[in-house]
Amino acid sequence: MAARQRSFICPPDQMTVAVITGAASGIGAGLAREAARRGMQVVLADRDAIALESVAAGIGTCAHPVVTDVTDYAAVDALATLAFDRFGAVDLLFNNAGVMATGLSWEIPADKWAASWKVNVDGILNGLRAFVPRLIAANCPARIINTASVGGFLPSPLMAPYSATKFAVVALTEALAGELKMLRSKIEVSLLAPGPVKSDIFRDPPPQAAEQFHGVMTSMLAQNGLEPDAFANRVFDAIERGEYWIIPQPEAFDQGFTARTETIAKRQAPIFYGVEGNE
């Protein structure tokens, strides 16, 4: 495909190129489809080549799949090079790839802990290292959206790697926003905190200690989770409003966050709803 010639004088057709990691399923696939519906060129990145091609085929000619392992900086840097070489600019960068591990925190194998950090935190950091210098050099308006979770504010037993890494994403994203403001950059930042969205993030079989929890979570997603496309529509509406905190499901966040803030302010022990002796 021939490169789209685009001047760095910042033409008015903003938000026309979106790069999305973790785009082969769930939230990432929904974001890719919504970006295409809104007239964007979409660069889809994921390490699952077969699923990625399937999502791209369903979108059509504006979808550009690139097999990418976000834990490999060289692969993410190659993704950034491809996107800028092909289109001349990137308007939206979704650092979205994520994984889940469940179980008792001290029993979860070290390799699963490491994988959670590599994908959920280092994957975003690799995205920043590869894209931010190019975005700053372009000197045009752009937005970076990092996917955390409601679980990045409300920790849960039996999913410590997920909660810990998503807390880290919240802190990393706020630091990034502050740094870009210090530089007077034209790059804006958003923190995306999904609630329950129908996806296959709980696809891996759980350890025995987490079987019941795993069943409750998968059932909750099936019954109450938003469809990825409906979720993505809310996300893009929030981006158009210029929101930093993108919390598309406030019903899954507001009450719990308020209660947690109060317990911290009052120096009270955490309350874990559904855990015997803590309600």
Side-chain angles (χ1 to χ4, degrees), residues 1-25 27-49 51-70 72-97 123-147 176 180 183 185-190 192 229 232-233 235-240 242 246:
M1 175 180 175
R4 177 169 70 99
Q5 297 301 313
R6 175 169 176 167
S7 167
F8 289 153
I9 301 173
C10 309
D13 60 333
Q14 296 178 23
M15 296 201 304
T16 58
V17 178
V19 176
I20 304 169
T21 68
S25 63
I27 288 173
L31 291 171
R33 289 189 290 266
E34 184 64 22
R37 277 192 289 268
R38 295 186 183 222
M40 301 178 191
Q41 295 291 321
V42 191
V43 181
L44 300 83
D46 203 288
R47 61 187 177 187
D48 186 336
L52 188 66
E53 288 290 346
S54 177
V55 172
I59 292 174
T61 57
C62 64
H64 312 277
V66 183
V67 177
T68 307
D69 181 350
V70 297
D72 178 0
Y73 171 74
V76 181
D77 190 57
L79 172 69
T81 297
L82 181 149
F84 277 87
D85 284 353
R86 178 170 292 185
F87 299 109
V90 169
D91 302 287
L92 296 176
L93 169 63
F94 289 89
N95 287 310
N96 172 74
I124 289 179
L125 187 55
N126 286 337
L128 301 181
R129 286 173 171 158
F131 281 86
V132 169
R134 291 173 167 94
L135 292 172
I136 290 174
N139 195 33
C140 288
R143 182 171 294 271
I144 298 169
I145 304 96
N146 293 338
T147 300
L176 171 69
L180 291 171
L183 297 177
S185 169
K186 295 178 181 178
I187 306 167
E188 300 289 340
V189 177
S190 293
L192 173 57
D229 290 36
N233 181 266
V235 172
F236 276 91
D237 284 350
I239 290 171
E240 290 184 359
I246 300 181

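Quantities reported herein were computed from a predicted structural model and do not represent experimental measurements. Computed from heavy atoms alone, side chains included, the values below leave out hydrogens, waters and symmetry copies.
The shortest non-hydrogen separation linking Ala80 to Ala130 is CB-O, 3.8 Å. Of all heavy-atom pairs spanning Leu79 and Ala45, the tightest one is CD2-CB, 3.8 Å. The two residues Val67 and Ala49 have their closest heavy-atom pair at CG2-CB, 3.6 Å. The two residues Ala35 and Phe236 have their closest heavy-atom pair at CB-CZ, 3.7 Å. Listed here is the closest heavy atom pair of Ala24 and Asp48: CB-O, 4.2 Å. In terms of heavy atoms, Ile136 sits closest to Ser185 at CG1-OG, 4.4 Å.
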- Query: Under the side-chain contact (heavy atoms from CB on, under 4.5 Å) criterion, do Leu180 and Val189 qualify, and how do the steps go?
  - Reply: CA-CA 9 Å; Leu180 291 171; Val189 177; 3.6 Å; yes
- Message: Does Asn233 form a side-chain contact (heavy atoms from CB on, under 4.5 Å) with Arg38? I'd like the steps, not just the answer.
- Response: CA-CA 10 Å; Asn233 181 266; Arg38 295 186 183 222; 3.3 Å; yes
- Task: Just do the side-chain contact (heavy atoms from CB on, under 4.5 Å) check on His64 and Val42 with the steps written out, would you?
- Result: CA-CA 6 Å; His64 312 277; Val42 191; 5.7 Å; no
- Task: Show your reasoning for whether side-chain contact (heavy atoms from CB on, under 4.5 Å) applies to Leu82 and Phe87.
- Result: CA-CA 8 Å; Leu82 181 149; Phe87 299 109; 5.7 Å; no
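Between the CG atom of Asn95 and the CG atom of Asn146 there is a distance of 5.0 Å, given to the nearest 0.5 Å. Between Arg86 atom CZ and Thr81 atom OG1 the span is 12.5 Å, to the nearest 0.5 Å. Considering OG1 of Thr21 and CG of Leu44, their distance stands at 10.5 Å, rounded to 0.5 Å. Here CG of Asp69 is found 9.5 Å from CG of Asp46. Values are rounded to the nearest 0.5 Å. Here the OG atom belonging to Ser190 is positioned 5.5 Å from the CD1 atom belonging to Ile145, to the nearest 0.5 angstrom. Note that CG of Leu128 is 7.5 Å distant from CG of Leu93, once rounded to the nearest 0.5 Å.
At distances below 3.5 Å, not a single donor-acceptor pair connects side-chain atoms of Asn96 with backbone N or O atoms of Ile20.
At a threshold of 4.5 Å between non-hydrogen side-chain atoms, the residues Arg143 and Ile239 count as touching. Looking at Phe131 and Asn126, their side chains never come closer than 4.5 Å, going by heavy atoms from C-beta outward.
Salt-bridge annotation for Asp77 and Arg134: present, with a side-chain N of the basic residue lying under 4.0 Å from a carboxylate O of the acidic one. By the 4.0 Å N-to-carboxylate-O rule, Arg47 lies too far from Asp72 to be salt-bridged with it.
The side chain to side chain contact (heavy atoms under 4.5 Å, CB included) with Ile144 is formed by just one residue from the set Leu135, Val90, Ile124; it is Leu135.
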